[in-house]
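Below: one structure, written as structure tokens.
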Amino acid sequence: MSQARSSKSSDFIRDIVNEDMKTGKHQGRVATRFPPEPNGYPHIGHAKSICLNFGISLQYGGTCNLRMDDTDPAGESMEYVESLIRDVKWLGFDWGDRLYYASDYYEKLYQYAVTLIKRGKAYVCSLSADEIREYRGTFTEPGKESPFRDRSVEESLDLFTRMRAGEFEDGTHVLRARIDMASPNITMRDPVMYRIKKETHYRTGDTWCIYPMYDFAHCLSDSIEGITHSICTLEFENNRPLYDWFLDQLQVDHHPQQIEFARLNLSYTVMSKRKLIELVEKGIARGWDDPQMPTISGMRRRGYTPEAIRDFCERIGVAKNDSLVEMAFLENCVREDLNEESPRVMAVLRPLRVVIDNYPEGRVEEFDCPYHPQKPEMGSRKVPFSRELYIEQEDFMENPPKKYYRLAPGREVRLRYGYFVKCVNVVKDPNTGEVIEIHCTFDPETKSGFAPDGRKVDATIHWVSAAHSLPAEVRLYDRLFRVANPLREGTDFIEFLNPKSVEILMNCRIEPSMKETVPGDKYQFERLGYFCTDPDSSANIIVFNRTVTLRDTWAKIVEKKKA
RNA sequence: UGGGGCGUCGUCAAGCGGUAAGACACAAGAUUUUGGUUCUUGCAUACGGAGGUUCGAAUCCUCCCGCCCCAGCCA
């Protein structure tokens, strides 16, 4: 697997790593990790963290582990582990043989907990969950000490052993750290370290019925793996004193440094796992890999490339400001990459029949069309031309407004890589008045698109031959939500869904050169956007997803007029 | 409300006491057989606000204002 190019740009985290390298803090070693919980599919927010952690390790010649932070059996599964592995790999990163699981550390963690009990730094508390909450106090009032706080070491040890042995029901006892119930930082008010959960774990099965909490497991997992820089998101800033507390109390010989950065928010979508699950479960998305989803798998299916996503993650930077990055930024990165890499091809999404009156019936010509106007090395393909064609409905207007310079009665345009044609007649449905067919004449002197007399046309439009083109289904995706930030307080984000976030066109026509396309293939449909072949394609019909539109200055002009 | 964090262009984001990078977006123009691409130009006398220190402040100090996170036996 090819490793992604390391980042050259700097940020406050790289500044810290630089400084540590200079001072020899970790003997010049850099070890990071990407530690997802396998309870959902990774999304573009994870991609930011993945690029950061793997990017830093690459830049400094260090390592980056992939670690499943699986300390809560509820909701975790192998399906999610597999999605994480697949997507990190697809993004272009390599963890070598360092795929780890917090669940592999359960025995070690248990022993660490026992050590803490023996040192009087942890105790078994038999308050109920509700009582623990009450005892915790509030932002303004200190908490109260649990009546079990001064339980003897022997009794706690005995109880903890029996908790592990399965003698107690869920919720009857927990193991707590003995810190400070009056701490202004609520995280430090005797946090829970272990809870009883008689639930089958996707990896350890029923071996355990007590599971460590994040704060206890995470710092120790980092320490066990020799992580130097433990990078996480801002909401864990309050937890840092606790991260350090466990490591200090246990006097471990390796104490990683936790550094927090702002998680990514993207406009017109949602990023939280809970909400993505809701979209999947309510059937709003057709699954985790629905091209509308901000998941890595959704974006892959939609046609985004790993290069574009990595470029995006580099360009948004890393800081501590809460940020809402514009979707347009991501789309720009996608277009930039696709513009370079995609072969051009012609497809008509909403066909309008065109008859070239003076073109001989039965005659077929083949035009040689380059795959990329700026890259002749990408080669070309043959596109058949005949008397009956399809063009885009949008490319003809009976009464065109000013500045519209496509086809209209009496007007001449160029068919891309073909002839100049002039509209001479319009056929309408007698009932609806809808234009159902237009008639044109072509100028045989303008083959391949130039007029020997030097006359110009205002527009070049795309087309396909009616008889030779292939049927296709095209799925057009737009932003998932109507508003930039659907997470406004006091509202349900579902209300802000964009009802037109997907439009499925069943009667599209594509040029015959695409007959052998396979899922994942990427193209630019000339003048329309970037599209990729979807796995739903069958022998009967090829299905495409629109990855992103082309920049469309005409659409902008139309928009402005409306406003 | 106690604690923690953050406030620099519409959106991200550099800047680390010497006089506001860059990208996206936006606007104008040039080139163009994609109203695409490419190119050129414009776009913060101003850094949440008010004071102060200094020859000099986005950078240091003081006070104020705003936003985010924490009261799961989630991570």
Side-chain angles (χ1 to χ4, degrees), chain A residues 9-11 15 35-37 39 69-72 74-75 125 127-129 132-134 136-143 170-176 183-189 191-197 210-211 213-215 217-218 232-241 260 262 264 267 273-274 312 315-333 335-336 339-340 344 346 369 372-374 403-406 413-418 420 448-450 456-462 484 524-529 549-557:
Chain A
S9 60
S10 197
D11 53 65
D15 289 346
E37 183 187 14
N39 65 350
D69 205 4
D70 53 359
T71 56
D72 181 359
C125 178
L127 252 24
S128 70
I132 285 182
R133 189 181 330 111
E134 282 163 28
R136 190 151 30 221
T138 66
F139 291 147
T140 46
E141 311 152 46
D170 288 13
T172 52
H173 307 277
V174 291
L175 183 70
R176 292 229 255 168
S183 172
N185 180 352
I186 292 176
T187 309
M188 299 298 273
R189 318 238 262 228
V192 173
M193 294 166 57
Y194 271 89
R195 73 286 212 185
I196 302 171
K197 251 188 191 187
I210 57 172
Y211 292 94
M213 299 288 289
Y214 165 85
D215 288 301
H218 202 89
C232 63
T233 44
L234 243 33
E235 67 270 25
F236 292 104
E237 215 148 18
N238 294 320
N239 303 47
R240 190 170 63 219
E260 311 85 9
L264 169 67
S267 66
K273 249 184 265 184
R274 214 210 90 236
F312 170 74
R315 287 164 70 169
I316 54 174
V318 179
K320 297 186 75 160
N321 303 334
D322 287 317
S323 61
L324 180 64
V325 177
E326 287 178 348
M327 195 64 176
F329 208 118
L330 212 207
E331 290 179 341
N332 171 70
C333 295
R335 285 195 191 101
E336 241 174 58
N339 176 49
E340 289 297 313
R344 272 59 171 170
M346 290 195 283
C369 306
H372 191 123
Q374 279 81 32
K403 285 196 181 164
Y404 179 92
Y405 45 80
R406 276 111 94 150
V413 299
R414 171 168 40 228
L415 295 177
R416 175 131 243 221
Y417 300 125
F420 284 12
S448 81
F450 286 107
K456 305 273 193 223
V457 287
D458 286 330
T460 300
I461 64 174
H462 59 95
Q524 183 196 103
F525 288 179
E526 293 228 21
R527 303 208 305 133
L528 297 173
T549 60
L550 252 28
R551 246 187 218 97
D552 190 346
T553 53
W554 170 243
K556 257 182 223 167
I557 293 168

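Here the structure is a predicted model, which is why all the values come from computation and not from measurement. In what follows, every chain begins at residue 1, and chains take the letters A, B, ... in the order their sequences are listed. The basis for the numbers below is simple: all heavy atoms, side chains too, and nothing from hydrogens, waters or symmetry mates.
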Which nucleotide in the list B:rC12, B:rG35, B:rA25 gets nearest to the side chain of A:Ile557? B:rG35
Between [X] and [N], is there a contact of a side-chain N or O with OP1 or OP2 at under 4.0 Å?
X: A:Arg133; N: B:rG72; result: yes
X: A:Arg315; N: B:rC12; result: no
X: A:Ser267; N: B:rU11; result: no
X: A:Lys556; N: B:rC26; result: yes
X: A:Arg274; N: B:rC74; result: no
X: A:Arg136; N: B:rG72; result: yes
X: A:Thr553; N: B:rG36; result: yes
X: A:Asn39; N: B:rA75; result: no
X: A:Lys197; N: B:rC74; result: yes
X: A:Arg195; N: B:rA75; result: yes

Under 3.5 Å on both distances, the Watson-Crick or G-U partner of [N]:
N: B:rG18; answer: B:rC55
N: B:rC26; answer: B:rG42
N: B:rG36; answer: none

Mind calculating the distance between CG (A:Asn239) and P (B:rG3) to the nearest angstrom? 18 Å
Here the distance between atom P of B:rG36 and atom CG of A:Leu528, to the nearest Å, is 13 Å
Apply side-chain contact (heavy atoms from CB on, under 4.5 Å) to residues A:Thr172 and A:Ile196 and explain how you reach the verdict. CA-CA 8 Å; A:Thr172 52; A:Ile196 302 171; 3.7 Å; yes
Kindly say whether, by distance alone, the side chain of [X] makes a donor-acceptor pair under 3.5 Å with the base of [N]?
X: A:Gln374; N: B:rU38; value: no
X: A:Glu326; N: B:rG10; value: yes
X: A:Asp322; N: B:rC6; value: no
X: A:Arg406; N: B:rG35; value: yes
X: A:Asn238; N: B:rG3; value: yes

Planes under 30° and centres closer than 5.5 Å, is that true for A:Phe139 with the base of B:rC70?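 Yes, the aromatic ring of A:Phe139 stacks with the base.
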Considering only atom C1', compute the distance from B:rG15 to B:rA44 and round it to an integer number of Å. 14 Å
Provide the distance between the two C1' atoms, one in B:rG18 and one in B:rU54, to the nearest whole Å.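 B:rG18 and B:rU54 have their C1' atoms separated by 12 Å.
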According to side-chain hydrogen bond (donor to acceptor under 3.5 Å, both in side chains), who are the partners of A:Glu331, at least two apart in sequence or on a separate chain?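 For A:Glu331, no residue satisfies side-chain hydrogen bond (donor to acceptor under 3.5 Å, both in side chains) once neighbours in sequence are set aside.
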Those residues at least two apart in sequence (or on a different chain) that pass side-chain hydrogen bond (donor to acceptor under 3.5 Å, both in side chains) with A:Thr187 are A:Asn185
Report all interatomic pairs (protein N or O, nucleotide N or O of nucleotides 40-44 of chain B) with separations under 3.5 Å.
none

Going by the side-chain contact (heavy atoms from CB on, under 4.5 Å) test, name the single residue among A:Glu526, A:Arg414, A:Arg527 that passes it with A:Thr460. A:Arg414
Min side-chain heavy-atom separation A:Tyr211-A:Asp72 under 4.5 Å: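 Counting from C-beta outward, A:Tyr211 and A:Asp72 never come under 4.5 Å.
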Find out whether A:Arg551 and A:Asn332 are in side-chain contact, i.e. whether some heavy atom of one side chain is under 4.5 Å from a heavy atom of the other.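 Result yes, sub-4.5 Å side-chain heavy-atom pair found.
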Would you indicate what A:Tyr194 reaches in the nucleic acid, counting non-hydrogen atoms under 4.0 angstrom: base, sugar-phosphate, or nothing?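 Touches nothing.
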Would you say A:Arg195's side chain and A:Gly171's backbone share a donor-acceptor pair under 3.5 angstrom?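 No; judged by distance alone, with no hydrogens or angles, the pair does not exist.
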Minimum heavy-atom distance between A:Arg344 and A:Pro373, given as atom pair plus value: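 So the minimum-distance heavy-atom pair works out to NE-CD, 3.9 Å.
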